[in-house]
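In what follows, every heavy atom counts, from backbone to side chain, and hydrogens, waters and symmetry copies are set aside. Per chain, numbering begins at 1; letters A, B, ... match sequence-line order.
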Amino acid sequence: MSNANKDNLSPGEPKPAPSVDFIRQAVVEDIKSGRFGGKVHTRFPPEPNGFLHIGHAKAIWIDYGIARDFNGLFNMRFDDTNPAKEEQEYVDAILNDARWLGAEWGDRLFFASDYFEKMYEWAEDLVKKGKAYVCDLRGDEVSAHRGTLTTPGKDSPWRNRSAEENLDLFRRMRAGEFADGSRTLRAKIDMAHPNLNLRDPVMYRILHGEHHRQGNKWCIYPMYDWAHGLEDSIEGVTHSLCSLEYENHRPLYDWFLDQLGIYHPRQIEFARLNLTYTVMSKRLLMELVKEGRVSGWDDPRMPTLAGLRRRGYTPEAIREFCRRIGIDKTDSTVDVQLLEHCLREDLNKRAPRAMGVLDPLRVVIENFPEGHTEELDAVNNPEDPSAGTRKVPFSRVLYIEKEDFKEEPPPKFFRLAPGREVRLRYAYYVKCVGVVKDPATRQVTELRCTYDPNTRGGDSPDGRKVKATLHWVSAEHAVKAEARLYEHLFTTPDPANAPEGKDWKSNINPASLEVREAFVEPSLKNAAPGHLCQFERLGYFCVDPDSTKERLVFNRAVTLKDSWAKIEQKGAKAT
RNA sequence: UGAGGAUUGGUGUAAUGGUAACACACCUGAUUCUGGAUCAGGCAUUCUAGGUUCGAAUCCUAGAUCCUCAGCCA
């Protein structure tokens, strides 16, 4: 199954839940009341200063999903108002990832920077109305005047300049007459307002920088609070959905739109996604990348969409996850196991099976003729008969998983042990008749087994049962491959909160990546990057783009559920 | 201690004055050529205290706890 994202195996979109979230309820009310003429129009407004992560997937799926559910429109719009942080590379990655997730915006791709001229005009309007003024305070002085959470701020000494003077100064700001940080345009609201956001917020700052789309055209740039509502208004957005931290900004969003008297969308806030064992802030993710703690934004351990895709996550699994976590205003942390469950659920139905051995133990079938090879039929996917079968070669020397043999099997261990018989998947029953050890280390280096020719294919004509089925590969035919086994990137459920005196990076899991020299069945030899399959009994794996013709690299997307591991763990605790 | 929010099992959500439910996780068992999947079952919930009501997760009052905000970031 190569190109998992483009194939036609995708299941239909999940049916709408019987109950709807509070945002959809609000949308329904607005439709009923005719607030926006019955229209629904949303947008996803990323800043191109980093890669999209699973939290953005939630946001996209709310924005896009609501537009789709109500036959509305959905805009992709970059909020590129800060040239200091934004880059074209991120624009490209974000577009690619959002498309991969499944969002569709047709020709409605927009950039806030394309509205700069209109925003500027509106700013002049506010200046003329006496609702905005040019302030000569420096950054630290602005802070000092702002007051605190419990005490009011002080008016800027420049607050009462005439409209004419403000207009002149503002135009000269735009013309580039002033140095960075020397002046700002501020809204004239109320320096004593209990909501700090309303204490004469900055609308424009002077920034002589190269903008990724505007070049050097501008040296003043609008602040988020001023720009965002205007962007929504220009595009005719009805419901401007954002995360909880903007709740305190909604009065400002409304104030600007009201002062201008222009079309006024409704902002609604929801809780952002948190996941156990992962960090979700762009700043922290950026730090991981910059410090080389991971190989890049698309490192398979990263919660970025690029990382998840490389890891082997499908858009379907991520969307199902987004559906299941719901939407609410409660700060919450979703168990990462739910994400993993969604992937397993999706891949169980779709991923072809294969056999691969990650930690090989040599097995010689003593009664199998040397130099002889048999081609056995293996089912490609027990969950999907239409997936058909394939041939796997069987010969005298095989590899099985080291952990599938124990010289002294503990209770409930059903796998191979001296004298014990097990089934080799789709092959034969084999019995362990001898153990070869390294005389120096006493480590088991080889197993001697016999096979029962009457059990070809894996069934015994005499009806004798066997308690375990093992995966295996033929040593002679197996393909060497690199297997990258991943664990959580962090050792604690809430890594961003480090204990007193410790950095969040102290929670990084030093064992989050383990590289193994593996052997996989020959049918995988030409698997292309992105190909997803299940290694039977081990987990789901995805061919990494690092693969070359000579060397396959597999990423373990997620393990299979492992009830033996649980039994084993309990046993370890009990003793 | 200002303003704005939030609070239902371990986790995430539902129930919108009328039997507190679903999923994940966890635990049993059945079944199985993947100790997978599947199937059956189990565990466990309304922040607290008052009040209104025949009846409250839902309405009222008081309190508790948690989150966000003092960037010329978004």
Side-chain angles (χ1 to χ4, degrees), chain A residues 17-21 25 45-47 49 79 81-82 84-86 135 137-139 142-144 146-153 180-186 193-199 201-207 220-221 223-225 227-228 242-251 269 271 276 282-283 324-342 344-345 348-349 353 355 379 382-383 412-415 423-427 429 455 457-460 466-471 493 534-539 559-568:
Chain A
S19 59
V20 295
D21 58 81
Q25 286 178 36
E47 185 189 12
N49 67 345
D79 216 349
T81 57
N82 185 354
K85 292 186 173 179
E86 297 152 7
C135 178
L137 255 26
R138 298 271 166 178
V142 172
S143 301
R146 185 150 28 227
T148 70
L149 294 176
T150 49
T151 59
D180 285 5
S182 61
R183 279 177 233 257
T184 55
L185 183 73
R186 294 226 258 162
H193 198 103
N195 180 342
L196 269 53
N197 295 130
L198 283 282
R199 315 242 262 229
V202 172
M203 294 166 63
Y204 279 93
R205 74 280 215 190
I206 301 172
L207 226 49
I220 56 172
Y221 287 90
M223 297 288 291
Y224 170 87
D225 285 311
H228 204 85
C242 59
S243 49
L244 245 32
E245 65 266 33
Y246 293 102
E247 215 157 17
N248 294 336
H249 296 248
R250 179 156 26 99
E269 311 83 14
T276 57
K282 264 197 248 180
R283 202 193 93 237
R324 289 202 195 199
I325 57 177
I327 308 170
D328 203 46
K329 294 188 71 150
T330 313
D331 285 304
S332 61
T333 302
V334 175
D335 194 334
V336 71
Q337 286 182 108
L338 180 60
L339 215 211
E340 295 171 347
H341 167 83
C342 291
R344 288 194 189 102
E345 181 182 60
N348 176 49
K349 288 177 303 199
R353 315 287 128 124
M355 290 196 283
V379 173
E383 303 291 319
K412 292 187 186 164
F413 182 87
F414 304 145
R415 282 111 99 145
R423 171 169 40 235
L424 294 182
R425 182 84 156 150
Y426 301 127
Y429 282 17
T455 58
D459 290 304
S460 71
V466 99
K467 289 193 97 169
T469 300
L470 309 185
H471 61 276
Q534 182 197 103
F535 285 172
E536 296 224 19
R537 305 208 303 135
L538 296 175
T559 61
L560 254 30
K561 285 216 254 174
D562 188 349
S563 49
W564 165 242
K566 281 180 186 170
I567 295 169
E568 211 177 15

Within the 4.0 Å heavy-atom criterion, would you say [X] contacts the bases, only the backbone, or no part of the nucleic acid?
X        : answer
A:Arg138 : base
A:Pro152 : nothing
A:Leu560 : base
A:Arg199 : nothing
A:Glu47  : sugar-phosphate

Checklist line | Spacing of the P atoms in B:rA56 and B:rU28 (rounded, Å) | finding: 39 Å
Next item on the list: Could you measure between the two P atoms, the one in B:rG4 and the one in B:rA20, and give it in whole Å?
Entry: 35 Å
Next item on the list: Check whether any side-chain nitrogen or oxygen of A:Arg423 sits under 4.0 Å from OP1 or OP2 of B:rG35, and answer yes or no.
Entry: no
Margin query: For a quick check, tell me whether the side chain of A:Glu383 and the base of B:rU38 share a donor-acceptor pair closer than 3.5 Å.
Written below: no
Note to self: Going by the rule ring pair (Phe, Tyr, Trp, His ring centres under 6.0 Å), which residues pair with A:Tyr426 if we only count those two or more places apart in sequence or in a different chain?
What the structure shows: none
Note to self: Show me the dot-bracket string of RNA chain B, counting Watson-Crick or G-U pairs under 3.5 Å, with | for pairs to another strand and [ ] for crossing ones.
What the structure shows: .((((((..((((....[..)))).(((((.......)))))....(((((..]....))))))))))).....
Note to self: Regarding A:Lys85 and A:Glu47, does a basic nitrogen lie under 4.0 Å from an acidic carboxylate oxygen?
What the structure shows: no
Next item on the list: Quick one, give me the B/S/- string for nucleotides 21-28 of chain B, reading 5' to 3', where B means a protein heavy atom under 4.0 Å from the base and S means that only happens at the primed atoms, P, OP1 or OP2.
Entry: --SSSSSS
